[in-house]
Amino acid sequence: MPNALGLERTDYKGAPSTLCPGCGHDSISNQIISMAYDMSLPMHRVIKLSGIGCSSKTPAYFMGRSHAFNAVHGRMPSIATGATTANRDLIAIAVSGDGDTGSIGFGQFKHLVRRNVPMVYIIENNGVYGLTKGQFSATSDEGQRLKYYGLNELPSIDLCLEAIIGGATFVARSFSGDAKQVQTLLKAAVSHRGTAIIDIISPCVTFNNAPDSNKSYPYGKEHEIPLHEYDFIPAGYVQPYEEITADYEEGQTIDVEMHDGSRIRLKKLDKGHDPRSRHQAITILEQAQREQLFLTGLLYYEEPRQVLGETLQLTDTPLTDLPKEKLRPSKDTLDKLMQSFM
Amino acid sequence: MPNALGLERTDYKGAPSTLCPGCGHDSISNQIISMAYDMSLPMHRVIKLSGIGCSSKTPAYFMGRSHAFNAVHGRMPSIATGATTANRDLIAIAVSGDGDTGSIGFGQFKHLVRRNVPMVYIIENNGVYGLTKGQFSATSDEGQRLKYYGLNELPSIDLCLEAIIGGATFVARSFSGDAKQVQTLLKAAVSHRGTAIIDIISPCVTFNNAPDSNKSYPYGKEHEIPLHEYDFIPAGYVQPYEEITADYEEGQTIDVEMHDGSRIRLKKLDKGHDPRSRHQAITILEQAQREQLFLTGLLYYEEPRQVLGETLQLTDTPLTDLPKEKLRPSKDTLDKLMQSFM
Amino acid sequence: MVVELQTNVQARYNGQSEPVVNDFTLMVATKNGSGSQTSNEVLIRSLFRMGIPVGAKNLFPSNIKGLPTWYSIRASKDGYVARRAVSEIAVAMNELTAAEDIQNLPPGGVCILPKEWKWGQRREDIVYYEVPVKETVAAAAVPADFRDRISNMVYVGVCAQLFSISLDIIRQALLDTFGGKEKPAMMNFGVVERAYNWAAENLEKVDPFRFEPMNETAGKILISGNEAAALGSLFGGMTVAAWYPITPSTSVIDGVLDYRHLRRDPDTGKETVAIVQAEDELAAVGMIIGAGWAGARALTATSGPGISLMAEFVGLAYFAEIPCVIWDITRTGPSTGLPTRTSQGDLLFLYTLSHGDTRHIVLLPASVGECFEFGWRAFDLADTIQTPVFVMSDLDLGMNIWMSDPFAYPEEPIKPGKVLRQEELEAFISEHGEWYRYKDYDSDGIAYRTLPGTDHPRAAYFTRGTGHNEKAAYSERSEDWVNNLIRLHNKFKTASELIPQPVTDYDASKSIGIITYGSNDPAVEEARDLLAADGLETNYLRIRALPLTQDVIDFVLNHKRVYIVENNFDGQMHQILRMEIPQDNRHMVSLALGDTLPMTAQWIQAQITRLERQPVQEK
Amino acid sequence: MVVELQTNVQARYNGQSEPVVNDFTLMVATKNGSGSQTSNEVLIRSLFRMGIPVGAKNLFPSNIKGLPTWYSIRASKDGYVARRAVSEIAVAMNELTAAEDIQNLPPGGVCILPKEWKWGQRREDIVYYEVPVKETVAAAAVPADFRDRISNMVYVGVCAQLFSISLDIIRQALLDTFGGKEKPAMMNFGVVERAYNWAAENLEKVDPFRFEPMNETAGKILISGNEAAALGSLFGGMTVAAWYPITPSTSVIDGVLDYRHLRRDPDTGKETVAIVQAEDELAAVGMIIGAGWAGARALTATSGPGISLMAEFVGLAYFAEIPCVIWDITRTGPSTGLPTRTSQGDLLFLYTLSHGDTRHIVLLPASVGECFEFGWRAFDLADTIQTPVFVMSDLDLGMNIWMSDPFAYPEEPIKPGKVLRQEELEAFISEHGEWYRYKDYDSDGIAYRTLPGTDHPRAAYFTRGTGHNEKAAYSERSEDWVNNLIRLHNKFKTASELIPQPVTDYDASKSIGIITYGSNDPAVEEARDLLAADGLETNYLRIRALPLTQDVIDFVLNHKRVYIVENNFDGQMHQILRMEIPQDNRHMVSLALGDTLPMTAQWIQAQITRLERQPVQEK
Ligand SMILES: Cc1ncc(C[n+]2csc(CCOP(=O)(O)OP(=O)(O)O)c2C)c(N)n1
Ligand SMILES: Cc1ncc(C[n+]2csc(CCOP(=O)(O)OP(=O)(O)O)c2C)c(N)n1
Ligand code: SF4
Ligand code: SF4
Ligand SMILES: [Mg+2]
Ligand SMILES: [Mg+2]
């Protein structure tokens, strides 16, 4: 069925994946494709960004009609900052890995969220370096064992907690085995105006899928605790809205209204978590760390804060589209200026 | 009065400071000198480490008889990791700035605390780049104005919160105008086995000392809220111990016993903060951020966790002192090994 | 304080009678952060207003307050602006360096110093003027807060009196310096005037130095290289500047901040230039690469340590063919080195920056005029060649104030290079039946690119630092790799025709040539005059960019001896020349200074004279 | 699947009769991650056990599973181990590359492929053996989990039968490969045996290729360069290894992990080698600099992108004179390039790494033996010269398995260099009355250092990347700066005498010389034999380290023509030679390959023959 742009789902595909069969990253690529198709994303405005790693290869495997930039290891955030600053109309969708983001790229990651660069930032988190064959990453759990590299005795970094502390305005965690949740969160993320971080546990079937690893499929399937049930209601989607609300009890739902008029409707589950509270978000993550809980869902959402382009007070016209006369002051201006140096 | 090593306080001095008169960093250097003298630190075992910045220059201004390494900008943590790994007997005292740690060195800082490299890590935090003449740093407050660079509209990074989230085992905040507290915390830090982070607000009198800046002397003096009153009781200091305890009411004191038998005795003030609770520490800092409170004191203390050298299962003899026969296996070993490749 | 001099006292000062007019150097020694920057600027502006050619060198420490700093102002009726090693006049306001400052004066020199100081020994062969600095300021009834800084105005007044600068001109210069603000200008002027009058009444002029009005600066401007670079960039259509502070490059971005209003959208008051302070240089260069990829004209400015940190990313931009402009305002390295001292030590490193087989374009401005020109031209080159373009200036050129003709408006419109926007892409495809990102349609090594956001179903391509074929598809095939590198090689050849060509002064009859680049130019020009006066005529070629062109090689081969003058330790341009010249080049002599200071004509002259007057040894 | 061949069908295979024994290449094409590594290792180990000289090249993709990979095994009765461009035998197990693999066979070549495949066209000039892979495995009743990986054993069995490897030897090799573990070895052997027997019964051997036992490998070892490097480092007293994973250097550290038990303290079971996985290369190099400063022997291993990231820190270590060892296992660049393809493209960048005037020592091992030797020697050099020492190996040398004599035990005891421990410092001070960190007491440019922790009141000094004088005090003085750089320059001269000297095969009667370095050595040696057979006698010099020594320059000058053979695109060693040789060097010809693959003798031979048989054009 063609979407609003008249495109089929297959139009949103990319090249065939060269990842290991069963790799968690591939199912995320699939959800990105579905999201983009459902949301009728204009592919020419999408830029796909990544660093280096198995995860960072995936932009080749979705939305083949979008420009893409597979950068250097860990430094994609600065590419994203530059590109979205240059052209505010671009929709940036970035994929990174736990090594790419949590090790070599940690500083850039933190400074990106601080600047609130408008983009979707997906971390395909498998707790291991896939592409270099199975070393520990900074999100590997304390006590985790790997085939070759033995035991990890360092505490693991929680990238969601890091993002919230660092000033991110949209922070979610998911599991690549939970297709529906991944997709809903992606839709919300792409509607968010600001940096949207989604940390998706995405098992590496080749190097880190033993059931005792908490980045594995078996573990994820068994232990995932979704914080909410979700519906994503795109902007302008009026009709069935009422129907959806009917499902939920009073007081148990939260409507998060996005910048563009879309909403995510959350039905609170056990934890009763309200993602609009930074305090709650931090607390729940700290607790999850302590009690080794695998909480998924929208952890934190901040009313649109100023994005970088606004902080910089840039023109509404993308900088890349400025007419030549706005790029060079007149000869007269130069001459006057020269006078002032005489 | 000579200390236990028979040294005078002046023996712990360094070269004369070349910082601006009144710079907050100088008073921290003074407290380091006092601490080292009081604690009878053996200067030959001390290494002074730093990055680049006004703050990072200060190791030249204390303990002239200790080895020092003034490294590149933001990368002192890796030098510290290497040096303390090479020689476990060294006592590492490092000084960094908010630019050095929070911007260019952010990734290294986070990974250092994660590894629990045994050292004292002092951040002389003035919310500005002093040495390059007054640009914003990542700890500059939202809404802060600077002479030349105008208004900062980005959220500020809280390095203590960052350290705790990142796995640090000793995290404190202080104010260079509060000499006694700085000194007590330094003593505790140097007795800690693990990474001890002390984020000291240290006004830059030249570029960021306007009363509306919350890194200024006037602001700090007016707004500082100490979490506790402290006494530091060095290991083996038995006699007046009882006397000190007498000061405090039941339930209002916490004894934090350090690895070497020293203790810090905290008298809780208004906030009733117990630094042994990670949860409380995070909560109180989140609150401080929200309500713009300037809380100082020992924020977090974790029972000695394994330090890096232990994680690496290194010999008790410092690696730099191993006898030659432990550095090269025998000819026989090589010959046998070669057999295995035939 | 007591000033102790070494004991090799020279001949007694003999009241030299021949007046020395507009041809000497005045050096002011103060403490960093003491506010002397203002008074020195007033002095230099005054001379400039008098129509006297001036050059200024600020020698400052890596420190905010307190360490020694020296500012020397050269007046030269002949228009020479290079540094001179010797200053005839020392205004010794820093007790920590006074002994050395006085020691360094030539016989017959002049020392102006505070009256308050005590003396160990005195040189007898120079003139002293002792000035009651504190008293004068005290008498001027300046508010206490300003007293320290304003005390520098005392030496301005004394110098004005002693060396004949009219108070009127000083007043004007003060107004200039304070951006027209009457109140501070007049407060300062009060002190100047008082000192001027005190000197008139109390000092007997016995030295021969004097300024006299000329007419050599009319229509000229005074500006620093970094400001010029900022302006050039703003006139070059820069839209993104990302940076991390580092001396001596910071003032490039400060210049952009100061003048970005020239580009502010008059209708909305919004900015057309994004200025992002990055968290470090890796991020800064990543941002401009991201921006350049998206179609912005993006710049960063840094210095050696930043260049090192950018190495990996620059290799990506080179290989993925992304335009961006990187200013390296060089300082003394290796390592952190001396952040406040000048050098040209990054040349070879820039040229080959990043692992693997990479080679870069490096522009080498020699004047503030060229800083402006290369400021806009660098963007045209980067966009045209689709590659990072380096501009290597240095601390001397970048942070000192230089006299210049007003900058010429760019003679060419902005050149976006081979960018296919929507309609152009459509047209291209209907002409060629295809468009592939890395295909060499024009046999110049330069392919056509599209920008993200181009509304055309075939516009997208995949940018990567890994192996790719013409179609921008991932490839591990050896042929694809080699073909791509060959094209990049050809692109570099094309580039060598587009970059600024060398400036040559050549006459076949002369057998000695001098080659230099960058800020050494004034010293070389002056040295050539000195050499010529001594009977050594020289040809001259100034390299304005890397890669080298045939002209340069011909110049080398056409001489009996060629001196390569540069301000680094290893003689890096000399090494690059050797790399490019397989013929016997033992007649090429490296004159590499690298002593942390701007080049002097005297040093060049001495080297060449020594070597020409005796058989040259093989180096 | 259907294999489509291009239509230029060659002559029909004519049943070549002359047997070809121990002198051909067998290439196995499979998919990455399919387990073929094991079967290939079994094949090569079998030949090695038969006493036949072997060489192996693994051409693998930057991917974990699924993309094409090729493994070629060269048997050479004459002991040549370089890559050959042509393989006579193709075991085509990957349907995606089969067409190409078959196309690449020479006339008379052999193709072994699964019976299951369908065919479009067939080449008539080669021999096909079709093998029922699936059936054979199915029949072997292997547990389902293992079936996929074990199916590779089918071609092992077929090859054994066709080319005469005894089953006994295969069994031994399997045991070796599985580290003596009977169970998996025997499960695999079951499949081999079955395939062997099937081939005996069903295939008629019509090709001329055959292995025959020899006695050329007795006492030799098979090992990869990276493992050798790890062992050399462990025997060199390494105490700290900090690293960040990157292909193709990761296996250096894996080797350290595998063998660190050799250095484990037998009394306590604790480690004498700290292995820290850093968060990136900036941190990795920072850690080894910190460790080297503290007195450890510290190493990191990386590849091009890591080298770029280390640039700033390496400049610090150079300037602050801190020993450390950095292995660069080079891969194809620029940028991310081809991580799984070989190259020597980092040479020039390593030599001049970091901004400012820097120059480094780069060791260039050519064999696994030298990887071991330079492994320990690099530490002695770094400690002796107090500087970072690079060792540039490459993917080909590092990751492929090579035949070698067993490694020689270091002939010299560990050399800690000029380190003053407590008593030595005491002695030094009583002899000299002083000790200053950066003073050149021995006129060799190398000063004495102390280590932190030295219990002596005068042991401490301040280490910095900024300007300093002999006493290690901060200094902005021009003279201090220049003096320090001069000393560093002299130190570098001293270094040139201590580093491994070139290996030369020189005979004054020959007029053609070949220069190379690193892993090209086997190809050059073979090419020299080929050239000699063709009447072109050559001299040979192999550079083993930078900086260059006079020997190298003399070698260049002493020939009518000198070929510089290297595996990068720009001819970087050629450029370095030019930098060092001011004389006419137009007779120096750059043979720079840089096609991402290991060098072949045939390419070198072809280039030299072409150029020698016709007048050489100036390059
Ligand atoms: C500067 C640099 N260092 C190291 C590498 C090698 N490298 C490639 S991918 C990778 C780790 C990837 O891990 P992660 O980001 O978790 O991705 P995954 O493969 O697990 O999806 C490393 C270390 C590199 N490409 N560049
Ligand atoms: C790689 C690199 N980039 C930039 C610089 C320039 N630089 C020196 S100090 C400094 C900032 C210091 O700020 P901070 O750490 O807060 O120290 P402070 O001077 O405020 O005490 C910068 C950017 C440098 N030395 N090296
Ligand atoms: S190695 Fe792991 S992360 Fe990489 S493609 Fe395979 S399963 Fe995925
Ligand atoms: S500039 Fe600021 S931080 Fe630096 S020395 Fe001066 S007061 Fe201190
Ligand atoms: Mg990963
Ligand atoms: Mg600061």
**Study point:** D:Val273 versus chain B, the contacting section by heavy-atom distance below 4.5 Å
**Key:** backbone

**Study point:** Contact origin within D:Ala298 toward chain B - heavy atom pairs under 4.5 Å
**Key:** neither

Point to revise | Selection from D:Ala408, D:Ala294, D:Ala218, D:Gly236 maximising heavy-atom pairs under 4.5 Å formed with chain B | key: D:Ala294

Check your understanding: Which residue pairs pass the ring pair (Phe, Tyr, Trp, His ring centres under 6.0 Å) test when at least one of the two sits in residues 219-240 of chain D, sequence neighbours left out?
Key -> D:Phe235-D:Phe372

Review point. Looking only at heavy atoms, which two atoms of B:Leu312 and D:Ala274 are closest? And how far apart?
Key: CD1-CB, 3.9 Å

Revision key, fill the gap. Between D:Val240 and D:Ala296, the two heavy atoms sitting closest are CG2-CB, 3.9 Å

Point to revise | Under 4.5 Å from a heavy atom of chain D, the part of B:Leu334 involved | key: both

Practice item. Name the region of D:Ala242, side chain, backbone, both or neither, that has any atom closer than 4.5 Å to a heavy atom of chain B. Key: neither

Revision key, fill the gap. Residues B:Ile47 and B:Ala83: closest non-hydrogen pair is CD1-CB, 3.8 Å

Review point. Given a strict heavy-atom distance threshold of 4.5 Å, which part of B:Pro59 is in contact with chain D: side chain, backbone, both, or neither?
Key: both

Exercise for review: Against chain D, label B:Leu49 side chain, backbone, both or neither, depending on which of its atoms sit under 4.5 Å from a heavy atom there.
Suggested key: side chain

Point to revise | Structural part of D:Ile322 lying under 4.5 Å from a heavy atom of chain B | key: side chain

Practice item. Please round to the nearest 0.5 Å and tell me the distance separating atom OG of B:Ser137 and atom CD1 of B:Ile104. Key: 13.0 Å

Practice item. Heavy-atom pairs under 4.5 Å with chain B are the metric here; pick the option from D:Ala284, D:Gly219, D:Pro452, D:Pro410 that has the most. Key: D:Pro452

Point to revise | Note, D:Ile223 side chain near D:Ile401 side chain (heavy atom, < 4.5 Å) | key: no

Practice item. Name the region of B:Leu319, side chain, backbone, both or neither, that has any atom closer than 4.5 Å to a heavy atom of chain D. Key: both

**Study point:** B:Leu337 versus chain D, the contacting section by heavy-atom distance below 4.5 Å
**Key:** side chain

Check your understanding: Under a 4.5 Å cut-off applied to non-hydrogen side-chain atoms, are D:Leu47 and D:Pro53 in contact?
Key -> no

Point to revise | D:Leu231 side chain near D:Val256 side chain, heavy-atom distance below 4.5 Å | key: no

Revision key, fill the gap. Counting heavy-atom pairs under 4.5 Å with chain B, the top scorer among D:Gly295, D:Ala472, D:Ala473, D:Pro266 is D:Gly295

Check your understanding: Tell me, do D:Ile275 and D:Ile253 make a side-chain contact under 4.5 Å, heavy atoms counted?
Key -> yes

Review point. Non-hydrogen atoms of chain B under 4.5 Å away: do they reach the side chain of D:Pro413, the backbone, both or neither?
Key: backbone

Exercise for review: Tell me, please, which residues at least two apart from B:Ala71 pass side chain to side chain contact (heavy atoms under 4.5 Å, CB included).
Suggested key: B:Phe69, B:Ile79, D:Leu316

Practice item. Please list, chain by chain and in numerical order, all residues satisfying side chain to side chain contact (heavy atoms under 4.5 Å, CB included) with B:Ala189, sequence neighbours excluded. Key: B:Val120, B:Phe170, B:Ala196, B:Ile198

Exercise for review: Between chain D and each of B:Gly107, B:Ala60, B:Gly64, B:Gly309, count heavy-atom pairs under 4.5 Å; write down the option with the most.
Suggested key: B:Ala60

Return one line per donor-acceptor pair between chain B and chain D under 3.5 Å, naming both atoms and the distance rounded to 0.1 Å.
residue, atom, partner, partner atom, Å
B:His44, O, D:Gly453, N, 3.0
B:His44, ND1, D:Asp455, OD1, 3.4
B:His67, NE2, D:Thr450, OG1, 2.9
B:His67, NE2, D:Ala459, O, 3.4
B:Ala68, N, D:Tyr461, O, 3.2
B:Ala68, O, D:Thr463, N, 2.9
B:Ala68, O, D:Thr463, OG1, 3.3
B:Asn70, N, D:Thr463, O, 2.8
B:Arg115, NH1, D:Glu279, OE1, 3.0
B:Arg115, NH2, D:Gln277, O, 3.2
B:Arg115, NH2, D:Glu279, OE1, 2.8
B:Gln313, O, D:Glu271, N, 2.8
B:Thr315, N, D:Glu271, O, 3.0
B:Asp316, OD1, D:Lys270, NZ, 3.0
B:Thr320, O, D:Arg421, NH1, 3.4
B:Thr320, O, D:Arg421, NH2, 3.0
B:Asp321, OD1, D:Arg421, NH1, 3.1
B:Lys324, NZ, D:Ile414, O, 3.2
B:Lys326, O, D:Arg263, NE, 3.0
B:Lys326, NZ, D:Asp265, OD1, 3.0
B:Lys326, NZ, D:Asp265, OD2, 3.4
B:Leu327, O, D:Gly237, N, 3.2
B:Leu327, O, D:Arg263, NH1, 3.3
B:Arg328, NE, D:Phe235, O, 2.6
B:Arg328, NH1, D:Glu412, O, 2.8
B:Arg328, NH2, D:Phe235, O, 3.2
B:Pro329, O, D:Tyr409, OH, 2.6
B:Phe341, O, D:Leu222, N, 3.0

